[in-house]
Undergrad: 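Here's a structure for you.
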Amino acid sequence: MVFIIVIYGLLKKIDLYEAFVEGSKEAFKMGFTIFPNLLAMILSVNVLINSGFLKWFVSLFISNLKLPIELISLIVTKPISGSASLALLNTIYNKYGVDSFFSLLASAIQGCTDTTFYVIALYYGSIGIKKTRYALATSLFGDFVGILTSIILCYMLFG
Amino acid sequence: MVNKLWTYFLLLGIVYGLITGHSLNINETILNSAKDSLEVFIQIFPVIALWLGIMNIATLSGLLDKLAKVLSKVLHPLFPEVPKNHRCLGYMSSNIIANMFGLGSAATPFGLKAMSSLQELNENKKVASRSMLTFTMINTSAITIIPTTLIALRMMYKSLDPTKTVLVTLISTVVATIACIILDKILARRS
């Protein structure tokens with residue numbers, strides 16, 4: 001991708017170095033608005049996870065579903081924290097073996113969802129939008145549909 | 001909504017921590033969060049600076065406008081408020097393409113650029129425009145062809161078949177995106 005862009009720029013005879021530096025400069029302006037949003041999100045998500053609330057919340061579902069606790073935690077954690085869900089995925093691989101059914105299911109779930117809260121907070125925060133209307137609701141709906149589809153597919157293909 | 005959730009997360013965490021006697025833990029978490037977020041920031045900042053630089057070459061050379069022109073036919077029905085061939089269509093397509101290949105960190109700067117360019121078209125600067133809602137929705141349900149990070153992790157664990165779940169991921173992200181687009185169209189008509 002980088003190669004194509006640079007070659008195209010070369011063919012169009014623009015000042016590549018100048019253009020690159022000008023573009024990079026914008027990162028500082030962006031950084032100023034991104035950092036406070038990042039800090040705020042990480043603060044509240046960490047407090048929620050470390051207080052043990054999430055574990056308790058997840059344990060509510062266990063009796064009704066035939067899925068291991070780590071997998072439910074993964075589903076609940078993925079939309080709010082990328083690093084926490086990656087850590088959970090590592091735990092699942094270690095515990096059940098990377099090629100086991102639960103690991104495959106966990107991989108599929110990890111692949112089909114995004115860190116929704118983080119994206120919404122960052123994207124809207126960076127341009128100073130106060131009212132995000134139905135952004136979070138629709139995105140979480142998308143995650144839900146994605147997770148459901150991958151669970152069904154996993155049972156059909158690997159189960 | 002983010003505002004409310006943020007407060008709830010924080011309060012729920014603190015109250016639950018106090019009840020179960022994890023209050024020391026909570027204090028530590030709050031203090032460490034500042035350090036953690038700086039670490040995350042240090043990780044993503046260079047990537048953002050790098051891609052914004054490369055992106056600027058693509059913008060000035062006209063490559064971005066070309067991409068916007070090609071993809072505007074596909075994206076236009078989704079973003080009826082955005083003028084045809086507008087630059088933000090180029091940013092949005094770059095973001096979507098980076099997401100398709102699982103390059104989350106490269107997708108973020110394109111996404112931020114797309115948002116600021118959509119903000120220029122936005123009439124009320126405090127309220128999210130329809131195009132923004134559609135864009136973040138497509139972004140979070142992100143159609144993924146190659147989940148790079150995931151495959152790398154599975155390889156690290158010496159999986160016999162690291163790409164086994166790729167098809168599942170592709171299908172479920174496509175289904176999620178279609179479901180989101182339908183929901184978006186319904187909601188947009190009502191409001």
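Here is the naming used below: chain letters follow the sequence lines, and residue numbers restart at 1 for every chain.
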Undergrad: Given heavy-atom pairs under 4.5 angstrom as the criterion, report whether the side chain, backbone, both or neither of L38(B) touches chain A.
TA: both
Undergrad: Just verifying a value: how many Å separate I57(B) CD1 and I14(A) CD1, rounded to the nearest 0.5 Å?
TA: 6.0 Å
Undergrad: Would T140(B) and D114(A) count as a side-chain hydrogen bond (donor to acceptor under 3.5 Å, both in side chains) if you check the C-alpha gap in whole Å, the side-chain angles of each, and the deciding distance to 0.1 Å?
TA: CA-CA 5 Å; T140(B) 50; D114(A) 207 329; over 6 Å; no
Undergrad: Between L10(B), T59(B), D161(B), V15(B), who has the most heavy-atom pairs with chain A when the cutoff is under 4.5 Å?
TA: L10(B)
Undergrad: State the NZ-CD1 distance between K125(B) and I129(A), to the nearest 0.5 angstrom.
TA: 8.5 Å
Undergrad: Indicate yes or no for a side-chain donor-acceptor contact from R154(B) to the backbone of V98(A) under 3.5 Å, with no hydrogens or angles considered.
TA: yes
Undergrad: Check whether L157(A) gets within reach of chain B through its side chain, its backbone, both or neither, counting any heavy atom under 4.5 Å.
TA: side chain
Undergrad: Begin from the C-alpha positions of L133(B) and T138(A) and carry the test side chain to side chain contact (heavy atoms under 4.5 Å, CB included) through to its verdict.
TA: CA-CA 9 Å; L133(B) 293 168; T138(A) 45; 5.9 Å; no
Undergrad: Just so I understand: if I count every heavy-atom pair under 4.5 Å between each of V145(A), L105(A), I127(A) and chain B, which residue has the most?
TA: I127(A)
Undergrad: How close do S51(A) and G13(B) get, counting heavy atoms only, and between which atoms?
TA: CB-O, 3.0 Å
Undergrad: Hey, can you tell me if F9(B) and F117(A) have their rings parallel, tilted or perpendicular (30° and 60° cut-offs)?
TA: tilted
Undergrad: What about F45(B) and F35(A), are their ring centers closer than 6.0 Å?
TA: no
Undergrad: Look at T134(B), L160(B), D184(B), I14(B) and state which one has the largest set of heavy-atom pairs under 4.5 Å with chain A.
TA: L160(B)
Undergrad: T165(B), N32(B), I30(B): which one forms the most heavy-atom pairs within less than 4.5 Å of chain A?
TA: T165(B)
Undergrad: In terms of heavy-atom proximity below 4.5 Å to chain B, should M41(A) be classed as side chain, backbone, both, or neither?
TA: both
Undergrad: What part of N90(A) lies closer than 4.5 angstrom to a heavy atom of chain B: side chain, backbone, both or neither?
TA: both
Undergrad: Can you tell me which portion of K113(B) sits under 4.5 Å from chain A's heavy atoms? Options are side chain, backbone, both or neither.
TA: both
Undergrad: So, taking the atom named CG in N46(A) and the one named OG in S33(B), what distance separates them when rounded to the nearest 0.5 Å?
TA: 4.0 Å
Undergrad: Under 3.5 Å, is there a donor-acceptor pair between the side chain of S61(B) and the main chain of Y8(A)?
TA: no
Undergrad: Sort out for me which of I143(B), L153(B), V174(B), T177(B) touches chain A most, counting heavy-atom pairs under 4.5 Å.
TA: L153(B)
Undergrad: Please lay out, stage by stage, how S159(B) and D99(A) fare under the test side-chain hydrogen bond (donor to acceptor under 3.5 Å, both in side chains).
TA: CA-CA 6 Å; S159(B) 163; D99(A) 287 312; 2.7 Å; yes
Undergrad: With a 4.5 angstrom heavy-atom cut-off, is it the side chain or the backbone of Q110(A) that approaches chain B, or both, or neither?
TA: side chain
Undergrad: Donor-acceptor pair, distance only, cut-off 3.5 Å: does the side chain of Y124(A) make one with the backbone of M132(B)?
TA: yes
Undergrad: Is M115(B) in contact with chain A via its backbone, its side chain, both, or neither, using a 4.5 Å heavy-atom distance?
TA: both
Undergrad: Heavy-atom distance under 4.5 Å between the side chains of F158(A) and K164(B), does that happen here?
TA: yes
Undergrad: Look at atom CZ of F101(A) and say whether more than 12 heavy atoms of other residues, nucleotides or ligands are closer to it than 6.0 Å.
TA: yes
Undergrad: Between N94(A) and Y157(B), does a side chain to side chain contact (heavy atoms under 4.5 Å, CB included) hold up when you go through it step by step?
TA: CA-CA 8 Å; N94(A) 272 326; Y157(B) 274 86; 3.4 Å; yes
Undergrad: Measure S116(B) against the heavy atoms of chain A and call it side chain, backbone, both or neither at under 4.5 Å.
TA: both
Undergrad: Is chain A contacted by the side chain of K35(B), its backbone, both, or neither, given a heavy-atom distance below 4.5 Å?
TA: neither
Undergrad: Under a 4.5 Å heavy-atom cutoff, which of L50(B), T144(B), I178(B) has the most pairs with chain A?
TA: L50(B)
Undergrad: Less than 4.5 Å apart, any side-chain heavy atom of L43(A) and any of W6(B)?
TA: yes
Undergrad: Can you say whether L122(A) sits under 4.5 Å from chain B via the side chain, the backbone, both, or neither, judging by heavy atoms?
TA: both
Undergrad: For chain B, which of S103(A), C154(A), S107(A) has the most heavy-atom pairs under 4.5 Å?
TA: S107(A)
Undergrad: If I measure from the heavy atoms of chain A, does N139(B) come under 4.5 Å with its side chain, its backbone, both, or neither?
TA: both
Undergrad: Is the backbone N or O of A19(A) less than 3.5 Å from a side-chain atom of N56(B), with the two atoms forming a donor-acceptor pair by type?
TA: yes
Undergrad: Identify which of S44(A), G9(A), G142(A) forms the greatest number of heavy-atom pairs closer than 4.5 Å to chain B.
TA: S44(A)
Undergrad: Using the side chain to side chain contact (heavy atoms under 4.5 Å, CB included) rule, take V127(B) and K130(A) through it: C-alpha gap first, then chi angles, then the decisive distance, then the call.
TA: CA-CA 6 Å; V127(B) 181; K130(A) 291 264 153 50; over 6 Å; no
Undergrad: Answer with side chain, backbone, both or neither: which region of K12(A) has an atom nearer than 4.5 Å to a non-hydrogen atom of chain B?
TA: side chain
Undergrad: Based on non-hydrogen pairs under 4.5 Å, which of T173(B), T169(B), T7(B), T136(B) is most in contact with chain A?
TA: T136(B)
Undergrad: Would you indicate whether K185(B), at its atom NZ, is surrounded by more than 12 heavy atoms from other residues, nucleotides or ligands within a distance under 6.0 Å?
TA: yes
